[in-house]
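Remarks on the structure that follows.
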Amino acid sequence: MRSRRVPRGTFAIAIAAGLSISAWLWSEAVESSAVRRRVGSARPTSAPGVVVLGFANSGSEPNAINRWRARIAIRAASPSTTIVTSGGAVAGPKPEARLLAAELRRVGWAGPLIVEDTSATTWENVRNVIPFLETAEWIVIASNGLHAEKAREYLRRQRPDLANRLVRGQEHRFGEMFHVKPVFTAVGLLKLRAALRYPGPHAS
């Protein structure tokens with residue numbers, strides 16, 4: 001009677017799968033913690049102003065990451081919210097902010113919408129949307145978790161008075177974009193640590 005052998009490569013596949021799952025669960029834990037940091041302790045009594053930050057987009061249609069960030073903005077908004085999209089044409093022919101605005105309209109957002117389409121870095125995103133936030137009672141930064149946390153830190157440096165109005169959005173949703181989240185978490189941690197180590201207007 002022949003013995004049954006484990007197919008070649010099974011153990012390697014099992015190890016790779018285990019590592020992938022571990023990386024994903026780690027990223028979920030890190031991202032869920034990020035949404036709680038660098039926000040005020042108060043809770044909004046009215047609809048906040050929502051700032052959604054663009055991601056490098058090489059094409060003329062919003063890529064998966066910008067569609068993800070548009071969904072995050074929608075989750076944080078109510079009909080009376082003003083959403084501000086921010087991002088210039090960093091990697092493609094169209095400004096990220098305009099691609100985000102088009103995606104928001106496509107998925108049904110009919111509320112107030114402001115487009116800031118000149119920023120090339122997160123520092124500039126924050127600096128250039130400040131004029132639109134002066135009258136907002138509460139502020140939500142809509143992006144994936146660690147990027148939003150970095151933007152909140154930049155607002156705290158540039159305008160501490162406005163940073164006191166920061167509240168939690170709904171950046172983290174368990175399992176959402178699971179296939180890219182570990183990469184974004186690893187990169188996000190490196191960039192956040194660099195930003196905390198080297199504060200100033202030249203931060204990315």
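Relative orientation of the Phe55 and Phe184 rings is tilted, given thresholds of 30° and 60° on the angle between their planes.
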Given side chain to side chain contact (heavy atoms under 4.5 Å, CB included), test Asn164 with Arg156 step by step and report yes or no. CA-CA 8 Å; Asn164 289 333; Arg156 191 169 300 281; 4.1 Å; yes
Walk me through whether Lys94 and Asn57 qualify under side chain to side chain contact (heavy atoms under 4.5 Å, CB included). CA-CA 8 Å; Lys94 291 187 178 181; Asn57 206 118; over 6 Å; no
Show your reasoning for whether side chain to side chain contact (heavy atoms under 4.5 Å, CB included) applies to Phe132 and Thr82. CA-CA 9 Å; Phe132 308 118; Thr82 295; over 6 Å; no
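Residues meeting the salt bridge (Lys or Arg N to Asp or Glu O under 4.0 Å) test with Arg75, sequence neighbours left out: Glu176.
Taken from CG in Leu162 to CG in Leu133, the straight-line distance is 6.5 Å, to the nearest 0.5 Å. Expressed to the nearest 0.5 Å, how far CD of Glu171 lies from CZ of Arg36 amounts to 10.5 Å. In this structure, CZ on Arg71 lies 8.5 Å from CH2 on Trp68, to the nearest 0.5 angstrom. In this structure, CD in Glu96 is found 6.0 Å from CG in Asn66, a value given to the nearest 0.5 Å. How far CH2 of Trp138 is from OG1 of Thr81: 13.5 Å, rounded to the nearest 0.5 Å. Distance CG/Asn144 to CD/Glu149: 11.5 Å, rounded to 0.5 Å.
Under the 4.5 Å side-chain contact rule for hydrophobic residues, Ile65 and Val90 do not share a cluster. By the rule that hydrophobic residues join a cluster once side-chain heavy atoms approach within less than 4.5 Å of another member, Leu53 and Val115 end up as members of separate clusters. A continuous path of Ile, Leu, Val, Met, Phe, Trp and Tyr side chains, each step under 4.5 Å between heavy atoms, connects Ile114 with Ile130, placing both in one hydrophobic cluster.
Counting only heavy atoms from C-beta outward, the side chains of Leu146 and Arg37 approach each other to under 4.5 Å. Side-chain contact between Arg165 and Arg159 is absent, with no heavy-atom pair separated by less than 4.5 Å. Using a 4.5 Å heavy-atom threshold, the side chains of Val39 and Arg152 count as touching.
Among all heavy-atom pairs drawn from Asn125 and Ser119, the shortest one is ND2-CB, 3.1 Å. Contact record, Pro93 with Ser58: CD-O, 3.5 Å, taken as the closest heavy-atom pair. Taking each heavy atom of Ala151 and Val126 in turn, the nearest pair found is O-CG2, 3.6 Å. Across all non-hydrogen atoms, the minimal contact from Ala73 to Val52 is CB-CB, 3.9 Å. Here the shortest heavy-atom pairing between Arg67 and Pro62 reads NH1-O, 2.8 Å. The heavy-atom pair separating Gly169 from Val140 by the smallest distance is CA-CG1, 3.6 Å.
A side-chain N or O of Glu116 and one of Ser86 form a donor-acceptor pair less than 3.5 Å apart.
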Using residues 185-195 as the side-chain source, report each donor-acceptor pair under 3.5 Å to any protein atom, sequence neighbours left out, with the distance given to one decimal.
{"residue": "Thr185", "atom": "OG1", "partner": "Glu31", "partner atom": "OE2", "Å": "2.9"}
{"residue": "Thr185", "atom": "OG1", "partner": "Lys181", "partner atom": "O", "Å": "2.8"}

For a quick test of your reading: what N or O donor-acceptor pairs under 3.5 Å do the side chains of residues 97-109 make, sequence neighbours left out?
{"residue": "Arg98", "atom": "NE", "partner": "Asp117", "partner atom": "OD2", "Å": "2.9"}
{"residue": "Arg98", "atom": "NH2", "partner": "Asp117", "partner atom": "OD2", "Å": "3.0"}
{"residue": "Glu103", "atom": "OE1", "partner": "Arg106", "partner atom": "NE", "Å": "3.0"}
{"residue": "Glu103", "atom": "OE2", "partner": "Arg106", "partner atom": "NH2", "Å": "2.8"}
{"residue": "Arg105", "atom": "NH1", "partner": "Trp109", "partner atom": "O", "Å": "2.8"}
{"residue": "Arg105", "atom": "NH1", "partner": "Gly111", "partner atom": "O", "Å": "3.0"}
{"residue": "Arg105", "atom": "NH2", "partner": "Gly111", "partner atom": "O", "Å": "3.3"}
{"residue": "Trp109", "atom": "NE1", "partner": "Gly111", "partner atom": "O", "Å": "3.1"}
{"residue": "Trp109", "atom": "NE1", "partner": "Pro112", "partner atom": "O", "Å": "3.3"}

